[in-house]
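To start, the structure under review is shown below, and the notes come after it.
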Number of protein chains: 2
Amino acid sequence: MIVRSVEDVEGTDADIKSENWRSKRIILAKEGVGFSVHETTLYAGTESEFWYANHIEAVFITQGEGTVTDKATGETHELKPGTVYLLNDHDKHIVRPRTEIKCVCVFNPPVTGREVHDENGVYPLITEEPAGA
Amino acid sequence: MIVRSVEDVEGTDADIKSENWRSKRIILAKEGVGFSVHETTLYAGTESEFWYANHIEAVFITQGEGTVTDKATGETHELKPGTVYLLNDHDKHIVRPRTEIKCVCVFNPPVTGREVHDENGVYPLITEEPAGA
């Protein structure tokens, strides 16, 4: 059993800050469990375009409100605590938090922690052998 | 993109209630993304023993406080919002919420929704082809 908290990763390499968001990566590829788990904060009034060409992501909203727009369909969905959006088809999307949003994000394949969004808002695929495997 | 909320699964087959907890299963095996995502409520003052012989689980606490005890080591860890415990070794464990706990749970392999805990607190392994795959 591994027990860890968002505070444990603050200020480490697993705490990624950008202008619009901050992502604390708590469970990573090195844990070897087939997914990674992050807590992400999206700042109020921002607009971020994301596209994970190489990953599937599920986002569970725990605090805050805003919208997510599916770029392929143009559809906009409301986000509030308890909403989950699943990018099961590598969907390009735009997130617009009205208030600060906190969410729990799950990635498959798991993020190694070394990825940064490139100019297209894409995470490159980086693979890693599980530690101890 | 799939957008769904905990309210959408309330009262369905994906809303599992027991004496000590309630689990709303939002992303399941049929989505074919390699993990499942549940929101679980653990009731204040209860004591539950769990053992997932066939699954890895990550639990992200979003509300409430309590403890988790690793039965193998006897170690007890505090749980509060932002704590994550990862059952990376099929760890037998006991959860004791002091207040009502809400958490986001991730399972690999994904839960189909048909599992129930058996008398040992174990989920059997049930596999399912992804819908449309």
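Since this is a predicted model, take the numbers as computed values, not measurements.
Interface remark: of the candidates Val6(A), Ile2(A), Ile26(A), Val68(A), Ile2(A) forms the most heavy-atom pairs closer than 4.5 Å to chain B. Comparing Val59(B), Leu87(B), Val106(B), Val37(B) by heavy-atom pairs within less than 4.5 Å of chain A, the highest count is held by Val106(B). Among the candidates Ile56(B), Val84(B), Ile27(B), the residue making the largest number of heavy-atom pairs closer than 4.5 Å to chain A is Val84(B).
Neither Leu86(B) nor Ile94(B) shares a network with the other; the hydrophobic side chains, linked directly or stepwise wherever heavy atoms of I, L, V, M, F, W or Y lie under 4.5 Å apart, form separate groups for each.
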Below 3.5 angstrom, are there any donor-acceptor pairs between chain A and chain B, and if so, which atoms and how far apart?
{"residue": "Met1(A)", "atom": "N", "partner": "Asn88(B)", "partner atom": "OD1", "Å": "3.4"}
{"residue": "Met1(A)", "atom": "N", "partner": "Asp91(B)", "partner atom": "OD2", "Å": "2.8"}
{"residue": "Ile2(A)", "atom": "N", "partner": "Leu86(B)", "partner atom": "O", "Å": "3.0"}
{"residue": "Ile2(A)", "atom": "O", "partner": "Leu86(B)", "partner atom": "N", "Å": "2.8"}
{"residue": "Arg4(A)", "atom": "N", "partner": "Val84(B)", "partner atom": "O", "Å": "2.9"}
{"residue": "Arg4(A)", "atom": "O", "partner": "Val84(B)", "partner atom": "N", "Å": "2.7"}
{"residue": "Val6(A)", "atom": "N", "partner": "Gly82(B)", "partner atom": "O", "Å": "3.0"}
{"residue": "Glu7(A)", "atom": "OE2", "partner": "Lys80(B)", "partner atom": "NZ", "Å": "3.4"}
{"residue": "Val33(A)", "atom": "O", "partner": "Asn108(B)", "partner atom": "ND2", "Å": "2.7"}
{"residue": "Lys80(A)", "atom": "NZ", "partner": "Glu7(B)", "partner atom": "OE2", "Å": "3.4"}
{"residue": "Gly82(A)", "atom": "O", "partner": "Val6(B)", "partner atom": "N", "Å": "3.0"}
{"residue": "Val84(A)", "atom": "N", "partner": "Arg4(B)", "partner atom": "O", "Å": "2.7"}
{"residue": "Val84(A)", "atom": "O", "partner": "Arg4(B)", "partner atom": "N", "Å": "2.9"}
{"residue": "Leu86(A)", "atom": "N", "partner": "Ile2(B)", "partner atom": "O", "Å": "2.8"}
{"residue": "Leu86(A)", "atom": "O", "partner": "Ile2(B)", "partner atom": "N", "Å": "3.0"}
{"residue": "Asn88(A)", "atom": "OD1", "partner": "Met1(B)", "partner atom": "N", "Å": "3.4"}
{"residue": "Asp91(A)", "atom": "OD2", "partner": "Met1(B)", "partner atom": "N", "Å": "2.9"}
{"residue": "Asn108(A)", "atom": "ND2", "partner": "Val33(B)", "partner atom": "O", "Å": "2.8"}

